[in-house]
There are 2 protein chains.
Amino acid sequence: MLFLALDLGGSHATCALVSGSSLVCSRHLPFGSTARFEPVLPEITHTLQELVAQAADPVEGIGVGFCGLVDAANNRVHSTNGKFEDGLTFDFPRWARESFDLPLRLENDARLALRGEMFAGAARGVSDLVMFTLGTGIGGVAAMAGRPLTGIHGQAGVLAGHVPVRAKGRPCTCGGRGCAEAEASGWALPSICREWPGFSSSALAGRELNFKSLFSAAAEGDPIATAIRDHCLEIWGMMAVAAVHAFDPELVLFGGGAMGAADQILPALQTYVDQNAWTPWGKVRVAPAALGSDAALLGVPTLFREDW
Amino acid sequence: MLFLALDLGGSHATCALVSGSSLVCSRHLPFGSTARFEPVLPEITHTLQELVAQAADPVEGIGVGFCGLVDAANNRVHSTNGKFEDGLTFDFPRWARESFDLPLRLENDARLALRGEMFAGAARGVSDLVMFTLGTGIGGVAAMAGRPLTGIHGQAGVLAGHVPVRAKGRPCTCGGRGCAEAEASGWALPSICREWPGFSSSALAGRELNFKSLFSAAAEGDPIATAIRDHCLEIWGMMAVAAVHAFDPELVLFGGGAMGAADQILPALQTYVDQNAWTPWGKVRVAPAALGSDAALLGVPTLFREDW
C-alpha cells in the first residue's frame, strides 16, 4: 500500500511517498519564515503530483501532519500559533480530491510523528509512552493503551511541551507564561543566553546561539554554557516528570534537533526522571527517538488503518 | 442497592452506608497521626459491622478509598507516601470476606472522590474533567470520555497535584522537588509562611498557620498574607493549566479544606486559566466541587457497576 505524506512544519514542508514502514522517496521544501500556507501551496501540490507520477503502484491516500492543533475527526485545523495561519480556513480534503483524487487524513504533526515511532521506530511494541521533540519549539505527545491520546476537543496529550514550569516565567507563543517551551526551546534560547549573568564573558558570546553551539561550548567546558545547558536539562526533566505523572508511560522518547547532543542529554534526563518521578511500579525508560524528521511521514499509513 | 463505604485518609477513616447517590449514615473516626493501618483496623471493622447491622436491606459490597497509589484491578495498594504504610501488604479482599462476607473494591481515594462528583455531584453529565482537592496535600485527578483515567500502571491522572512547578523547589513527600503540592499545600504552608520575607511583621505571625488563617488575614488586607495567598493561587493556576494541557477537560473542579475561601480562590483561578491555557475550542469552566468529604463515599456504588 502506497501513501502520499506531507509534513507541514511552518517554515518548511516535506513531501514523501511511503510504502509500509519505509519511505520510497521524499523531497524537502524550505520556505524561510512564512506565516501563510497558500502562497507555498502550488509548489507543494506540484511536488506531490510528481511523486504520484513516479509511483510504481496506485496511491491509496494522503496523510498530512500540520504544525498546530488539529480536529482530526473532521480534517480541520483548530488553532495555529503564528505558523501557516491560513491553514485554519483551508479545505484540506477538497484540495486532496481536486489535486490528486485521493482521500485525505489530517493530524497534528507531533502526534503523527508519535504514530510513526510507534509504527516503525523506537516505540514499536510499547503501548504507553510520551515523546518530546526538542527543536525550535518543544513538541510533547502521549499515547496510552496503544493509541495516541486525543481528548474531547482533540488536544489531550499534544501539549506536553506547554506545561508551566516557572511562575511569572517567559511569555510563550501559546498565550501562557513559563511553559517548558518558553523556558528551554530553540526559539527562546538566544534570549535566555543573552540575559544570562556573565554571558558577555562566555565563549557563546561571539557565536550563533542555538542548541548546537550551546552543547558544543558546554562540552568544551565553558562555565556559562554549562550553566545554561544544565538549566535546559532541568526544564526538560521537569517536563518529562510532569508527563510521567500525567500519563503513566513506560517510555519517554526524546528527538529533535537538540539531540545532536544526545550524549549530554539522555543520561541527565534518565537521572532526573529516576530521582523525581513517583513510579513505584518500576523505572521509566528514557531513550532517543529513532526516525528523526521522517517520523511524521512514517506515521501516515496508520491514519488509514481502522485498528489505529 | 446498599453499599458499605470506607474512606481511608491517613489520619482518619470515614465509614458509611450508601444507597444510590446518597448517604444513609456515616461515622467519622479520627486517629491523629498514625503511619500504620492495622492498629486502627479493629475500630474500623467494628464500626462497619454496626452499619451492616443497621441496614434495612442486604448490603451488596464494600468500596474502599485509600490515600495512596492503588492497583484497582487487583485490589492492592501500590505505594503510600508515609500514610498507612502497612496498607501495602494488607489483604483487603480477604478482610472484607472474613469480616462482612462481602466483595470488596479498592480505589485511590482521590479517584474515588472524582467518581463521586461524576455520579452524584458537580460533574454529573460531564465526560472530561479534572478535580483538585486543596487540603493537607493536593489531590488532582482526571477523567476522560466519561471514565477516570487509569493508565498501564494505574497511576495516570491521579498525580495532577505532583506536577513540577518550580525548578530546585521544595522537597515533596513523593520524592520529587517543586511539585505543586510541595509549593502550595496545607502541609507546606507553615514553612512557606515562616520563610516569607517580612513574615514576622505579618498578622499571620501570631496565628496558627493554615489556609483558614491565611485567607482570613488576606481578606483583612494584611500585605504578607495577601502575597502568600497570591503565591498559592498562582501555583494552583499553573497546576490547573498543566492539567488542562494534559487532559483536555471542559471543567476543572476545586474542593478541599481551602475552599472555605472559595470566594477568593475561584475567580482568581478562572482568570488564570482563561489567560494561560491554550484552548482554542472555548473556555474551560472552573467550579467548586459539591460533595465535600462525602465525595469518595458517594463514588463507591460506581465501583460495582459494569458500565463504570
Side-chain angles (χ1 to χ4, degrees), chain A residues 68-69 71 77-81 88 127-128 140 142 144-145 149-169 172-179 183 231 234-235 237-250 275-282, chain B residues 68-69 71 77-81 88 127-128 140 142 144-145 149-169 172-179 183 231 234-235 237-250 275-282:
Chain A
L69 294 178
D71 174 1
V77 174
H78 238 334
S79 177
T80 74
N81 50 354
L88 282 168
S127 61
D128 293 70
M144 293 180 70
L149 208 61
T150 52
I152 191 169
H153 313 100
Q155 68 176 72
V158 292
L159 294 175
H162 291 273
V163 63
V165 292
R166 188 157 74 97
K168 300 180 186 63
C172 188
T173 56
C174 74
R177 294 191 82 90
C179 296
E183 301 292 334
H231 159 82
E234 183 170 38
I235 300 297
M238 293 172 74
M239 167 181 94
V241 168
V244 168
H245 285 180
F247 305 116
D248 193 11
E250 302 190 281
Q275 290 178 346
N276 290 277
W278 187 14
T279 56
W281 56 268
Chain B
L69 293 178
D71 173 1
V77 175
H78 238 333
S79 177
T80 73
N81 50 355
L88 280 169
S127 62
D128 293 70
M144 294 180 71
L149 206 60
T150 51
I152 192 169
H153 315 100
Q155 67 176 74
V158 292
L159 293 175
H162 290 276
V163 64
V165 293
R166 188 158 74 96
K168 301 179 185 62
C172 187
T173 56
C174 74
R177 293 192 83 90
C179 295
E183 300 294 334
H231 159 83
E234 184 170 37
I235 300 297
M238 292 172 73
M239 167 181 94
V241 167
V244 169
H245 285 179
F247 305 116
D248 193 12
E250 301 191 283
Q275 291 178 344
N276 290 278
W278 187 15
T279 56
W281 57 267

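So that the names make sense, note that chain A is the first sequence line, chain B the second, and so on, each numbered from 1.
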Donor-acceptor pair, side chain of B/Asp248 and main chain of A/Gly157, under 3.5 angstrom: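 Checked: no pair found.
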
Report which part of [X] has an atom under 4.5 Å of a heavy atom belonging to chain A: side chain, backbone, both, or neither.
| X | result |
| --- | --- |
| B/Thr80 | backbone |
| B/Arg166 | backbone |
| B/Ser127 | side chain |

Top of A/His231, A/Met144, A/Glu234 for chain B proximity - count of heavy-atom pairs under 4.5 angstrom: A/Glu234

Side-chain heavy atoms of B/Pro164 within contact of A/Asn276, under 4.5 Å: no

Winner by heavy-atom pair count (cut-off under 4.5 Å) against chain A, out of [options]:
| options | value |
| --- | --- |
| B/Glu250, B/Glu183, B/Gln275 | B/Glu250 |
| B/Thr279, B/Val163, B/Ile152 | B/Ile152 |
| B/Gly282, B/Gly169, B/Gly176 | B/Gly176 |

Contacting region of A/Met238 [heavy-atom separation from chain B under 4.5 Å]: both

Portion of A/Ala167 that has a non-hydrogen atom of chain B nearer than 4.5 angstrom: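 Both the backbone and the side chain of A/Ala167 come within 4.5 Å of chain B.
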
Under 3.5 Å, which donor-acceptor pairs do the side chains of residues 239-246 of chain A form with other protein atoms, sequence neighbours left out?
unit_1	atom_1	unit_2	atom_2	d
A/His245	ND1	B/His162	O	2.8
A/His245	NE2	A/Trp278	N	3.0

For the student: nearest non-hydrogen atoms of A/Pro280 and B/Gln155, plus distance: CD-OE1, 3.4 Å

